[in-house]
Colleague: 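Below you'll find the structure I mean.
Keep in mind that this is a model prediction, so the values were computed, not measured.
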Amino acid sequence: RRAFEIFDLMKKNERYGNGDGIPTTQTYNVMMKLVSRCLPTDGAIRAEELLDELERLSESSSSCPRPNAVSYTSCITAWSRDMDKSKLLRAHKLLERMTVAYDAGNETAQPNTIAYNALLSCYKNVSRRVDTRDDQADILLTTSRLLDKMRKSKSFPPNQTTYVTIMKILFNLPKQDERIEAIAERIINLCYADGLVGNLFIRAVKNEYPSLLKK
């Protein structure tokens, strides 16, 4: 509560032309992270409202703060805490907004690996609540497309966390079969080909698909 009071005071300083203690991009980023963690029911919505406000400010004047990669990633991360699959679209839209902002000239909003990993984390949490084979197939397809896109990119290439998150997505899916294990084996091979196999990834494979360690 005290943080919100200080933040509101800073915005009043800005409105009345007081250059001292006005909110910056970093201030907004801190508030986005704060609301997403402290407001379990509507934290993601509040975080996105702050991002909306920051975008409007940046459009009003070049001297105003503008969202950066951390701003968009913080909001994507906020949605990753929601296990409702209908919220996946919100996370995808945020990544699209991030890309649009960068393409429009905001170099600080360049999409990066952290942002894409945050989106994958949304799928990791939602994968625990998959009800149908169609939903499971959608998650597998989207995850595969995201990884392929990352592997082709110089700006947001996969890292070890990317592969660990995908292994957890696969393990969380309720309908485990030979196809899932085959995909897991493919992910292991890709991680190895990218030179990203480390202790974190080995531990994930050991915990989730120990039989594949023998292959």
Side-chain angles (χ1 to χ4, degrees), residues 32 36 43-45 47-48 51 67 69-103 109-194 196-197 200-201 204-205 207-209 212:
M32 289 177 205
S36 68
I45 293 174
E48 197 166 334
L51 177 63
V70 176
S71 311
Y72 292 100
T73 303
S74 295
C75 286
I76 295 171
T77 300
W79 284 115
S80 75
R81 297 187 173 95
D82 196 317
M83 295 189 195
D84 185 347
K85 62 179 179 289
S86 66
K87 303 301 191 299
L88 288 172
L89 182 59
R90 301 289 291 265
H92 274 278
K93 289 291 185 183
L94 284 163
L95 189 58
E96 289 175 11
R97 285 167 63 179
M98 187 178 187
T99 304
V100 169
Y102 175 70
D103 290 343
Q110 183 176 17
N112 55 27
T113 301
I114 297 173
Y116 274 81
N117 285 348
L119 181 57
L120 285 170
S121 290
C122 295
Y123 282 89
K124 180 188 69 176
N125 291 334
V126 168
S127 63
R128 299 170 184 167
R129 298 282 186 90
V130 171
D131 298 321
T132 68
R133 286 192 176 274
D134 285 344
D135 286 341
Q136 181 162 305
D138 286 344
I139 287 178
L140 290 172
L141 180 60
T142 305
T143 300
S144 176
R145 286 175 174 172
L146 285 171
L147 178 59
D148 288 344
K149 186 176 182 179
M150 293 178 76
R151 295 187 77 231
K152 293 175 182 176
S153 172
K154 294 182 179 180
S155 300
F156 44 86
N159 58 17
Q160 186 175 191
T161 300
T162 308
Y163 283 103
V164 169
T165 305
I166 292 174
M167 292 301 290
K168 290 181 178 179
I169 291 171
L170 296 176
F171 181 73
N172 286 342
L173 293 171
K175 303 181 189 303
Q176 295 288 318
D177 52 28
E178 292 181 358
R179 183 191 177 202
I180 300 299
E181 186 167 312
I183 294 173
E185 186 171 0
R186 174 178 175 267
I187 296 302
I188 292 172
N189 291 335
L190 290 176
C191 186
Y192 180 79
D194 289 346
L196 294 171
V197 174
L200 190 65
F201 183 75
V205 176
N207 290 339
E208 285 136 23
Y209 293 97
L212 295 180

Colleague: When you check the gap from the basic side-chain N to the acidic O, do Asp135 and Lys175 get nearer than 4.0 Å?
Modeller: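 So Asp135 does not pair with Lys175 through a salt bridge.
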Colleague: Just so I know, are the side chains of Leu173 and Arg128 near enough to count as touching, which here means a heavy-atom distance under 4.5 Å?
Modeller: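 Answer no - side chains too far apart.
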Colleague: Ignoring hydrogens, what is the shortest heavy-atom contact between Ile187 and Phe201? Give both atom names and the distance.
Modeller: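 Result for this residue pair: O-CZ, 4.4 Å.
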Colleague: Salt-bridged, Arg97 to Glu48, with N to O below 4.0 Å?
Modeller: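 Counted as a salt bridge, because a side-chain N and a carboxylate O are separated by less than 4.0 Å.
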Colleague: Does any donor atom in the side chain of Thr113 or Asn159 lie under 3.5 Å from an acceptor atom in the other side chain?
Modeller: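 No donor-acceptor contact under 3.5 Å links the two side chains.
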Colleague: After noting the C-alpha distance and the side-chain angles of Ile180 and Gln136, does the key distance pass the side chain to side chain contact (heavy atoms under 4.5 Å, CB included) rule?
Modeller: CA-CA 10 Å; Ile180 300 299; Gln136 181 162 305; 3.8 Å; yes
Colleague: With side chains defined as the heavy atoms from C-beta onward, is the minimum distance between Tyr72 and Thr99 less than 4.5 Å?
Modeller: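 Not touching, per the 4.5 Å side-chain cut-off.
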Colleague: Kindly indicate, with the supporting measurements, whether the criterion side chain to side chain contact (heavy atoms under 4.5 Å, CB included) is fulfilled by Ile188 and Met167.
Modeller: CA-CA 9 Å; Ile188 292 172; Met167 292 301 290; 4.3 Å; yes
Colleague: Please examine the side chains of Tyr163 and Leu147, heavy atoms only from C-beta on, and report whether any two atoms are closer than 4.5 Å.
Modeller: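 Yes; the side chains approach each other to less than 4.5 Å.
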Colleague: Could you measure the distance from the CG atom of Leu119 to the CE atom of Met150? Nearest 0.5 Å is fine.
Modeller: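 Leu119 atom CG to Met150 atom CE measures 9.5 Å (nearest 0.5 Å).
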Colleague: Measuring only between side-chain heavy atoms, which start at C-beta, is Ser36 closer than 4.5 Å to Arg81?
Modeller: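 Sidechains of Arg81 and Ser36: in contact.
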Colleague: Rounded at 0.5 Å granularity, tell me how far CG in Leu190 sits from CD1 in Ile166.
Modeller: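 Taking CG in Leu190 and CD1 in Ile166, the distance rounds to 8.5 Å.
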Colleague: Return each pair, listed once, that meets side chain to side chain donor-acceptor pair (under 3.5 Å) where at least one residue sits in residues 137-146; pairs must be two or more places apart or across chains.
Modeller: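 Every candidate side chain to side chain donor-acceptor pair (under 3.5 Å) pair involving residues 137-146 fails, so no pair, neighbours aside, qualifies.
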Colleague: Roughly how far apart are Lys124 NZ and Thr165 OG1, rounded to 0.5 Å?
Modeller: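 One finds 5.5 Å between NZ of Lys124 and OG1 of Thr165.
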Colleague: List in chain and number order the residues that pass side chain to side chain donor-acceptor pair (under 3.5 Å) with Lys85, two or more places apart in sequence or in another chain; answer none if no residue qualifies.
Modeller: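 Side chain to side chain donor-acceptor pair (under 3.5 Å) list for Lys85, sorted by chain: empty.
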Colleague: State, with a plain yes or no, whether a side-chain heavy atom of Arg179 is found less than 4.5 Å away from one of Leu140.
Modeller: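 The answer is yes; the side chains approach within 4.5 Å.
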Colleague: Mind checking whether Leu94 and Leu51 have side chains closer than 4.5 Å, heavy atoms only?
Modeller: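 Yes; the side chains approach each other to less than 4.5 Å.
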Colleague: Would you say that more than 12 heavy atoms from the other residues, nucleotides or ligands in this model lie under 6.0 Å from the CG of Leu196, or not?
Modeller: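 Result for CG/Leu196: enclosed.
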Colleague: How about Thr77 and Ser80: do any of their side-chain heavy atoms sit closer than 4.5 Å?
Modeller: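 Yes, at least one pair of side-chain atoms sits under 4.5 Å.
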Colleague: Before accepting this row, confirm whether a basic side-chain N of the pair Lys168/Glu208 lies closer than 4.0 Å to the acidic partner's carboxylate O.
Modeller: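 Salt bridge between Lys168 and Glu208, a charged N being under 4.0 Å from a carboxylate O: no.
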Colleague: So does Val197 get a backbone contact from the side chain of Gln160, meaning a donor-acceptor N/O pair under 3.5 Å?
Modeller: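 Judged by distance alone, no pair lies under 3.5 Å.
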Colleague: I need the minimum non-hydrogen distance between Thr73 and Ala118, along with the two atoms involved.
Modeller: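 Minimum heavy-atom contact is CG2-CB, 4.1 Å.
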Colleague: When rounded to the nearest 0.5 angstrom, what distance separates CD1 in Ile169 from OH in Tyr123?
Modeller: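 It is 9.0 Å, given to the nearest 0.5 Å.
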Colleague: What's the spacing between Arg186 CZ and Leu170 CG if we round to 0.5 Å?
Modeller: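 These two atoms lie 10.5 Å from each other.
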Colleague: Is the closest side-chain heavy-atom distance between Arg133 and Asp177 below 4.5 Å?
Modeller: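 In short, these two side chains touch, coming nearer than 4.5 Å.
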Colleague: Can you name the closest pair of heavy atoms from Cys122 and Ile76 and give their distance?
Modeller: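 Taking every non-hydrogen atom into account, SG-O, 3.7 Å.
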Colleague: Kindly give the heavy-atom pair with the smallest separation between Glu185 and Leu212, and that separation in Å.
Modeller: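 Looking at all heavy atoms of both residues, the closest pair is N-CD1, 3.8 Å.
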Colleague: Enter the distance from Ser121:OG to Trp79:CH2 here, rounded to the nearest 0.5 Å.
Modeller: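 Those atoms lie 16.0 Å apart.
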Colleague: Could you pull out the closest heavy-atom pair between Phe156 and Pro111, with the gap in Å?
Modeller: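 Closest heavy-atom pair between Phe156 and Pro111: CD2-O, 3.8 Å.
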Colleague: Considering all heavy atoms of both residues, which atom of Cys75 and which atom of Met32 are nearest to each other, and what is their separation?
Modeller: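 Taking Cys75 first and Met32 second, the nearest heavy atoms are SG-SD, 3.9 Å.
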Colleague: Kindly determine whether Thr162 and Asn117 satisfy side-chain hydrogen bond (donor to acceptor under 3.5 Å, both in side chains), including the steps that lead there.
Modeller: CA-CA 6 Å; Thr162 308; Asn117 285 348; 2.6 Å; yes
